[in-house]
Trainee: 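This is the structure, below, for whatever I ask next.
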Protein chains: 2
Amino acid sequence: MSTMAEKSPRDDARDILRSHLAGRGMRRTVQREAIIDAAFRTKDHFSAEDLLLMARAIEPSVSRATVYRTLPLLVESGLLRQLDLGGDTTIYDPNFLDHPTHNHLVCVDCRKIIEFEDPHIELLENCITRRLGFSPTNKSVKIEARCDEFQRSGVCSKQSSARGA
Amino acid sequence: MSTMAEKSPRDDARDILRSHLAGRGMRRTVQREAIIDAAFRTKDHFSAEDLLLMARAIEPSVSRATVYRTLPLLVESGLLRQLDLGGDTTIYDPNFLDHPTHNHLVCVDCRKIIEFEDPHIELLENCITRRLGFSPTNKSVKIEARCDEFQRSGVCSKQSSARGA
DNA sequence: ATTTCTGCAAACGATTTGCACAGGG
DNA sequence: CCCTGTGCAAATCGTTTGCAGAAAT
């Protein structure tokens, strides 16, 4: 019982983007649709350049400029989250629709990104924010860490949530 | 009883940097000393460009290139922490010597940066990291929030820890 | 028809780097 | 002296932007 009428995150995303556009007199174009389809075809994080490649696989006419112009739209409408993980390029995370409060651990050895979710952190952040006299809008925890397994054996079997490895 | 023989964070910093340099056959120069003095003369966060200006006030011969070449040294030796707060320029925090585990709240209205410390967060992050099979090396919480006072009255009286306001 | 979008290529801005000279040890 | 550090200016590289034509409504 999950074969026909299932709504994927991509579908949700497309709907959300369409209302977002509609609400401001913006137009629906093949390029924008290709970009959003590309963005939600994967659960991996990606850079603008990655997204360009993925979108071009769907619609070859997509240009770099359009990707850069569309990304802020997707972020504003809540479809993507921009991550500051400290690299030289900005990366984007398409998993916040499904898991709105998850956070990231970056392995300093494997460079992999592990996603995790923890209700206590969430709660604590809200308390702290209120105590300081603010209303929370966006919270992010970044943990940099060494992989224990890698330390012992020189390999790491953990799944990267970022690069499909 | 705090007039004469007090050791400021600057002094500590200078000592730490000197050992760091000594340990790798690197030299002590007027420029490096000026840069570190400038960095610890303030408790505010700063960009590379800010630091250049501050260092030049001490030693006019300091060049932009040397600032950029020295910053990684200060970060490696633990004197400064690099912050990814999402702006276009990297900013540096000189307060981790005194408060090794503090975190940051960024006000989306005033753009101010508030520092806070919370032992529960610290603890929780360690638990989570271990549970995932890692050993923590660096943890950072960034909270973006709206200032309640600003929402009500259109002004914000909070002290920015970043720009002395 | 009107207005928004697009691709292209040039512009930008923070950071990095090659080089020849300066200055620590 | 020898080798590291420096300033300068040019190079890099992700991202942004101006413009003229293409497409959506």
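Chain letters run A, B, ... following the sequence lines, proteins first, then strands; residues in each count from 1.
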Trainee: Could you check whether A:Arg69 gets within reach of a base, just the sugar-phosphate, or nothing at all, counting any heavy atom under 4.0 Å?
Mentor: base

Trainee: Between atom CD in B:Gln82 and atom P in C:dA14, what is the gap in whole Å?
Mentor: 16 Å

Trainee: Give the nucleotide from the list C:dC5, C:dT6, D:dC3 with an atom nearest to the side chain of A:Gln31.
Mentor: C:dT6

Trainee: Can you tell me which nucleotide in D:dG14, C:dA14, C:dC5 comes closest to the side chain of A:Met26?
Mentor: C:dC5

Trainee: On DNA chain C, compare the nucleotides closest to B:Glu49 and B:Arg28; which residue's is nearer the 5' end?
Mentor: B:Glu49

Trainee: C:dT15 P sits how many Å from B:Ile91 CD1, rounded?
Mentor: 11 Å

Trainee: Given C:dT3, C:dA14, D:dA9, which nucleotide is nearest the side-chain atoms of B:Ala65?
Mentor: D:dA9

Trainee: When the distance from CG of B:Asp88 to C1' of D:dC13 is rounded to whole Å, what number comes out?
Mentor: 15 Å

Trainee: For DNA chain D, whose closest nucleotide is more 5', that of B:Thr29 or that of A:Thr89?
Mentor: B:Thr29

Trainee: Less than 4.0 angstrom from a charged side-chain N to a carboxylate O is my criterion; do B:Asp118 and A:Arg131 meet it?
Mentor: yes

Trainee: Are OP1 or OP2 of D:dT15 and a side-chain N or O of A:Thr90 less than 4.0 angstrom apart?
Mentor: yes

Trainee: Nearest whole Å is fine: how far is D:dT15 C1' from A:Leu71 CG?
Mentor: 11 Å

Trainee: For A:Arg32 and D:dT25, give me the distance from atom CZ to atom P, rounded to whole Å.
Mentor: 10 Å

Trainee: Determine the sole option in A:Glu117, A:Lys139, A:Glu122, A:Glu125 for which the side chain to side chain donor-acceptor pair (under 3.5 Å) test with A:Thr101 is passed.
Mentor: A:Glu117

Trainee: When you measure from the side chain of A:Ala48, which nucleotide among C:dC5, D:dT15, C:dT15 comes out closest?
Mentor: D:dT15

Trainee: Could you tell me the separation between the CD atom of A:Glu33 and the C1' atom of C:dT6, rounded to a whole number of Å?
Mentor: 15 Å

Trainee: Using a 4.0 Å heavy-atom cut-off, does B:Val62 contact any base of the nucleic acid, only the sugar-phosphate backbone, or nothing at all?
Mentor: sugar-phosphate

Trainee: For A:Glu59 and C:dT6, what is the distance between atoms CD and C1' respectively, to the nearest whole Å?
Mentor: 12 Å

Trainee: Suppose we call a contact any N or O donor and acceptor under 3.5 Å apart; does that hold for the side chain of A:Arg64 and the base of D:dT15?
Mentor: no

Trainee: Please pick, from D:dT15, D:dT25, D:dC8, the nucleotide with the shortest atom-to-atom distance to any side-chain atom of A:Tyr68.
Mentor: D:dT15

Trainee: Between the side chains of A:Asp93 and A:Arg81, is the shortest nitrogen-to-carboxylate-oxygen separation below 4.0 Å, so that they form an ion pair?
Mentor: no

Trainee: Taking only Lys NZ, Arg NE, NH1 and NH2, and the carboxylate oxygens of Asp or Glu, determine whether A:Asp98 and A:Lys43 approach each other closer than 4.0 Å.
Mentor: yes

Trainee: State which of D:dG5, C:dT6, D:dT15 makes the closest approach to the side chain of B:Arg27.
Mentor: D:dG5

Trainee: Is the closest side-chain donor-acceptor distance between A:Ser135 and B:Asp148 under 3.5 Å?
Mentor: yes

Trainee: To the nearest Å, how far apart are A:Leu52 CG and D:dT15 P?
Mentor: 12 Å

